[in-house]
*Asks:* 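So that we are looking at the same thing, I have put the structure below in structure tokens.
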Amino acid sequence: RLELLEESDAPWYRFDASHFCQGLTRVLFAVLVSPEERSKRAILYGVLFRRHEGQDRMVATDGRRMAVSCLASSGQSDEAEGTFPNRVMPYPACIKFIDVIESLNAQTCRLRFGEKHLSFECEGVSLRCQWPEGDYPDYLQILPDPKPPLRVQVNRETLMWALEIVSASQQKTFHRT
């Protein structure tokens, strides 16, 4: 059955295509792709787009591992208003978007986070996908609180001695035949 997806009044978000593609590629390893698990937790079969502390982020998790990537060069189009929504892009759409960007060697791409679907445009190619149902887990509860850097004092001579031992043992390992 073919369903036509309605146009949306939602704003377009413009991204540098190579940064967008790299960000998606960095987080996709953590997407839940196991078919038996996917049927239980379908919302994890995708990448979450979320704004946090002024940064647009892509997040993926399978419940055991998690990846977060920031979209440093994102922005709304001139006519856009509002904030970057919390939405999940399904895994197959992520793969297709990466393929389109790489095959066209695109400079920019645009996303529209509609009420029922996601629209993607890049170099004259338009794609749409429906949102998965359900709520993505709050990944911020999992991340540790940022702490100041740990300061360590060591004896320089002891450290150099230890590094020489480790270096020598590594060289022996690499030169074995």
Side-chain angles (χ1 to χ4, degrees), residues 3 5 8 10-78 80 82-147 149:
E3 260 185 68
L5 300 173
S8 171
W12 284 99
Y13 292 86
R14 193 176 310 123
F15 298 94
D16 176 279
S18 65
H19 289 157
F20 180 76
C21 193
Q22 289 170 2
L24 270 180
T25 303
R26 275 194 296 264
V27 300
L28 282 178
F29 79 91
V31 172
L32 181 67
V33 292
S34 164
E36 59 275 357
E37 287 292 317
R38 196 172 55 217
S39 64
K40 297 176 201 167
R41 302 185 304 179
I43 194 68
L44 296 182
Y45 187 55
V47 174
L48 173 70
F49 284 79
R50 179 175 177 177
R51 175 165 283 169
H52 179 70
E53 295 179 351
Q55 292 181 322
D56 296 330
R57 296 181 175 183
M58 293 185 274
V59 181
T61 185
D62 62 1
R64 290 180 291 281
R65 55 194 172 173
M66 180 173 55
V68 180
S69 180
C70 294
L71 289 168
S73 61
S74 63
Q76 288 185 349
S77 63
D78 297 335
T83 61
F84 198 71
N86 295 338
R87 296 293 187 138
V88 177
M89 180 189 295
Y91 181 81
C94 294
I95 299 299
K96 182 56 77 179
F97 293 172
I98 289 171
D99 289 345
V100 167
I101 290 169
E102 289 177 346
S103 67
L104 296 174
N105 198 19
Q107 299 299 312
T108 61
C109 59
R110 297 187 326 156
L111 293 177
R112 176 185 277 166
F113 298 89
E115 189 174 320
K116 296 181 181 181
H117 64 275
L118 167 73
S119 299
F120 171 84
E121 286 186 359
C122 183
E123 304 290 329
V125 175
S126 298
L127 302 170
R128 286 195 188 160
C129 66
Q130 289 185 313
W131 299 121
E133 293 184 23
D135 294 324
Y136 204 84
D138 185 3
Y139 75 97
L140 294 172
Q141 291 180 348
I142 299 168
L143 297 176
D145 291 332
K147 297 194 181 349

*Asks:* Under the side-chain hydrogen bond (donor to acceptor under 3.5 Å, both in side chains) rule, collect the residues that match up with Ser18, sequence neighbours excluded.
*Replies:* Asp16
*Asks:* State, to 0.1 Å, how close Arg51 and Asn86 come at their nearest heavy-atom pair, and which atoms those are.
*Replies:* N-OD1, 4.0 Å
*Asks:* With a 4.5 Å cut-off on side-chain heavy atoms, are Val125 and Phe97 touching?
*Replies:* no
*Asks:* Taking the side chain as every heavy atom from C-beta outward, state whether Val27 and Val59 have any atom pair closer than 4.5 Å.
*Replies:* no
*Asks:* Within a strict 4.5 Å, meaning less than it, do heavy atoms of the Trp12 and Leu111 side chains meet?
*Replies:* no
*Asks:* Indicate the atoms forming the closest heavy-atom contact of Cys94 with Val47, along with that distance.
*Replies:* SG-CG2, 3.7 Å
*Asks:* Does a side chain donor of either Thr108 or Arg14 reach within less than 3.5 Å of an acceptor in the other side chain?
*Replies:* no
*Asks:* For the side chain of Arg110 and the backbone of Ser119, is there at least one donor-acceptor N/O pair under 3.5 Å apart?
*Replies:* no
*Asks:* Do you know which two heavy atoms are closest between Cys21 and Glu102, and how far apart they sit?
*Replies:* SG-OE2, 3.8 Å
*Asks:* Could you pull out the closest heavy-atom pair between Ser126 and Glu121, with the gap in Å?
*Replies:* OG-CG, 3.5 Å
*Asks:* Once rounded to the nearest 0.5 Å, what's the spacing between atom CZ of Phe49 and atom CG of Asp56?
*Replies:* 9.5 Å
*Asks:* Tell me, yes or no, whether the heavy-atom count around Gln22 atom CD, taken from other residues, nucleotides or ligands under 6.0 Å, exceeds 12.
*Replies:* yes
*Asks:* Which heavy atom in Ala106 sits nearest to a heavy atom in Ala17, and how many Å separate them?
*Replies:* O-CB, 3.4 Å
*Asks:* In terms of ring plane angle, is the pair Tyr13 and Phe113 parallel, tilted or perpendicular, where the classes change at 30° and 60°?
*Replies:* perpendicular
*Asks:* State, to 0.1 Å, how close Gly114 and Arg87 come at their nearest heavy-atom pair, and which atoms those are.
*Replies:* O-NH2, 3.4 Å
*Asks:* Keeping the roles fixed (side chain from Arg65, backbone from Phe29), state whether a donor-acceptor pair exists under 3.5 Å.
*Replies:* yes
*Asks:* Would you say that Leu48 contacts Thr61 through its side chain, given a criterion of any heavy-atom pair below 4.5 Å between the two side chains?
*Replies:* no
*Asks:* Are the side chains of Phe20 and Thr25 in contact, using a 4.5 Å heavy-atom criterion?
*Replies:* no
